[in-house]
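Comments concern the structure below.
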Amino acid sequence: MIEGKKRAAQAALSEVRDGQILGIGTGSTVAIFIEMLAERIEKEGLKVLCVPTSYQSAYLAMEKGLRLTTLEEHPILDLAVDGADEVDNKLNLIKGGGAALTREKIVDSAAKRFIVIADEGKLVERLGVKTPVPVEVIPMAWRTVANSVRILGGNPRLRDGGDRKDGPLVTDNGNFILDIKFDEINDPRALEFELKRIPGVVEVGLFVNLANAAYIGSEKGVKKIERKM
Ligand code: 5RP
């Protein structure tokens, strides 16, 4: 799996050009990309600026000496590179395993080109088969959102903070995450809209028609999927 992530990150790195403003996603595959980018900058003296999508990516990027900027300074990005939890053959995605989906969607949408990097285990025939859809919600609304989600046929679960935090996970934006399992997702775009219009929903981890390409890495090599326009 790690080899697949490395190959995908390496392939995305080959698209980076001197002078670009980059969007930097979140997760373990992006962490590898950040390390590789830092090495390339060191070797080739590239001048790139990065907009991170989480504290995790911002702190790793800073530690590796990357120069950071913001969407306020640079609202249009040349290239965004981000991971995914599921990728279908139309390059629709489920994202938010690392609870960074809101900033990821903002940054990825601001890029002229958005590339997904993932290992082959993320490729699915149909979204939602393995992974629930993460939805970021305003804390006071999580129960009302959960009720509305059940009416849409979803099974919501409030994400727990894990070993290091009692109670719900709190995102970088101070919100909660509902992980919503659906039996099947036939129309990701329609579901994204249905979820987005529930009061209290901040963002939905379905990324439809956003990615331009994906590099899917495996032990054997890397496969590029380019979205047909
Ligand atoms: C974070 C994300 C990540 O991109 C996604 O969870 C993939 O992470 P990894 O590269 O560690 O498998 O959406 O919110």
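These numbers come from a predicted model, not from an experiment.
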Taking the side chain from Lys6 and the backbone from Ala9, do they hold a donor-acceptor pair closer than 3.5 Å? no

If you compare all heavy atoms of Lys122 against all heavy atoms of Ala118, which two are closest, and at what distance to 0.1 Å? CG-CB, 3.7 Å

Looking only at heavy atoms, which two atoms of Ile34 and Ser57 are closest? And how far apart? CD1-O, 3.9 Å

Salt bridge or not for Glu39 and Lys64, using N-O below 4.0 Å? no

side-chain contact (heavy atoms from CB on, under 4.5 Å) assessment of Thr70 paired with Val51: CA-CA 5 Å; Thr70 61; Val51 176; 5.8 Å; no

Would you please test Tyr59 and Met62 for side-chain contact (heavy atoms from CB on, under 4.5 Å) and show each step? CA-CA 5 Å; Tyr59 294 153; Met62 280 192 269; 3.3 Å; yes

State plainly whether the residues Glu104 and Lys95 are in salt-bridge range, i.e. N to O under 4.0 Å. yes

Assess the residue pair Val16 and Leu37 against the criterion (side-chain contact (heavy atoms from CB on, under 4.5 Å)); give the C-alpha distance rounded to whole Å, side-chain angles, the decisive distance to 0.1 Å, and a yes or no. CA-CA 9 Å; Val16 174; Leu37 177 63; 4.1 Å; yes

Correct closest heavy-atom pair for Val145 and Pro199 would be CG2-O, 3.4 Å

Please report the interatomic distance OG1(Thr131) to CG(Leu93), rounded to the nearest 0.5 Å. 11.5 Å

I'd like to know if the side chain of Arg143 reaches the main chain of Met140, judged simply by a donor and an acceptor atom lying under 3.5 Å from each other, with no hydrogens or angles considered. no

Kindly compute the distance separating CZ (Arg150) from CG (Asn155), expressed to the nearest 0.5 Å. 7.5 Å

Is it the case that the side chain of Asp18 and the backbone of Lys47 share a donor-acceptor pair, with hydrogens and angles ignored and the cut-off at 3.5 Å? yes

In Å and rounded to the nearest 0.5 Å, what is the CD to CE distance from Glu219 to Met1? 10.5 Å

Short question: side chain of Asn212, backbone of Ile115 - any donor-acceptor pair under 3.5 Å? no

Are Arg157 and Asp179 within salt-bridge range, i.e. N to O under 4.0 Å? no

Taking Glu125 for the side chain and Asp88 for the main chain, is one N or O donor matched with an acceptor at less than 3.5 Å? no

Is the shortest side-chain heavy-atom distance between Arg126 and Val129 below 4.5 Å? yes

From the options Ile177, Thr171, Asp172, select the one residue that forms a side-chain contact (heavy atoms from CB on, under 4.5 Å) with Asn175. Thr171

Determine whether Leu127 and Leu206 make a side-chain contact, defined as any pair of heavy atoms from C-beta on separated by less than 4.5 Å. yes

In terms of side-chain geometry, is the basic nitrogen of Glu226 or Arg113 positioned less than 4.0 Å from the acidic oxygen of its partner? yes

For Arg7 and Gly217 the tightest heavy-atom approach is CB-CA, 4.4 Å

Tell me whether the NZ or CZ atom of Lys223 lies within the 45° cone about the ring axis of Tyr215 and under 6.0 Å from its centre. no

Looking at Ala80 and Val107, what are the two nearest heavy atoms and their distance? CB-O, 4.4 Å

Please check if the side chain of Glu192 supplies one atom and the backbone of Val204 the other of a donor-acceptor pair under 3.5 Å. no

Decide whether Val30 and Leu91 are clustered together by the hydrophobic rule: side chain heavy atoms of Ile, Leu, Val, Met, Phe, Trp, Tyr closer than 4.5 Å, transitively. no

Flag side-chain contact, heavy atom, 4.5 Å: Asn147 against Ile151: no

Strictly distance-based, threshold 3.5 Å: is any side-chain N or O of Asp82 a donor or acceptor partner for the main-chain N or O of Thr26? yes

Is there a side-chain contact between Ile138 and Val202 in this structure, where contact means two heavy atoms from C-beta onward sitting under 4.5 Å apart? yes

I'd like to check Thr53 versus Ile24 (side-chain heavy atoms, cut-off strictly below 4.5 Å). Are they in contact? no

Between atom CG of Leu49 and atom CG of Leu68, what is the distance when rounded to the nearest 0.5 Å? 8.5 Å

So, the side chain of Lys43 versus the backbone of Ala38: is there a donor-acceptor pair under 3.5 Å, distance only? no

By salt bridge (charged side-chain N to carboxylate O under 4.0 Å, His left out), Arg227 pairs with (sequence neighbours left out) none

Between atom CD of Glu136 and atom CG of Leu169, what is the distance when rounded to the nearest 0.5 Å? 9.5 Å

Could you tell me if the side chain of Lys105 sits less than 4.5 Å from the side chain of Glu203, heavy atoms only? yes

Value for CZ (Arg67) from CD1 (Ile21), rounded to nearest 0.5 Å, stands at 9.0 Å

Does Leu195 reach the side chain of Ile180, with side-chain heavy atoms less than 4.5 Å apart? yes

Could you tell me if the side chain of Ser109 sits less than 4.5 Å from the side chain of Leu210, heavy atoms only? yes

Check the pair Asn92 / Phe207 against side-chain contact (heavy atoms from CB on, under 4.5 Å), numbers first and verdict last. CA-CA 6 Å; Asn92 296 322; Phe207 286 43; over 6 Å; no

Which pair of non-hydrogen atoms, one from Gly121 and one from Lys130, has the smallest distance, and what is that distance? O-NZ, 2.8 Å

Verify, without hydrogens or angle tests, whether Glu15 (side chain) and Ala12 (backbone) share a donor-acceptor contact under 3.5 angstrom. no

